[in-house]
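Read through the structure below, which is laid out as structure tokens, and then see the notes.
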Amino acid sequence: MVGLNLFIASGIARIGVPQIARGVMPFVLILLVDLLIISVPPWLSLVFPGQ
């Protein structure tokens with residue numbers, strides 16, 4: 001899905017896929033860190049549903 005979105009965005013912006021990928025990489029890294037924070041310590045994801 002990410003590859004298809006990069007391809008479509010590069011077509012719309014008329015920029016190469018590597019340049020788009022470099023611009024998107026910080027956001028992908030932030031999403032991966034968020035995923036690790038939520039999934040690694042199980043107590044963190046289970047705190048809010050109990051309230």
### Query
Under a single-linkage rule joining Ile, Leu, Val, Met, Phe, Trp and Tyr whose side-chain heavy atoms are separated by less than 4.5 Å, which residues share a cluster with Ile30?
none
Show which side-chain atoms of residues 36-44 pair as donor or acceptor with protein atoms under 3.5 Å away, not counting sequence neighbours.
from	atom 1	to	atom 2	distance (Å)
Ser39	OG	Leu35	O	2.7

For residues 2-29, which side-chain N or O atoms pair as donor and acceptor with protein atoms under 3.5 Å away, sequence neighbours left out?
from	atom 1	to	atom 2	distance (Å)
Asn5	ND2	Met1	O	3.2
Ser10	OG	Leu6	O	3.4
Ser10	OG	Phe7	O	2.8

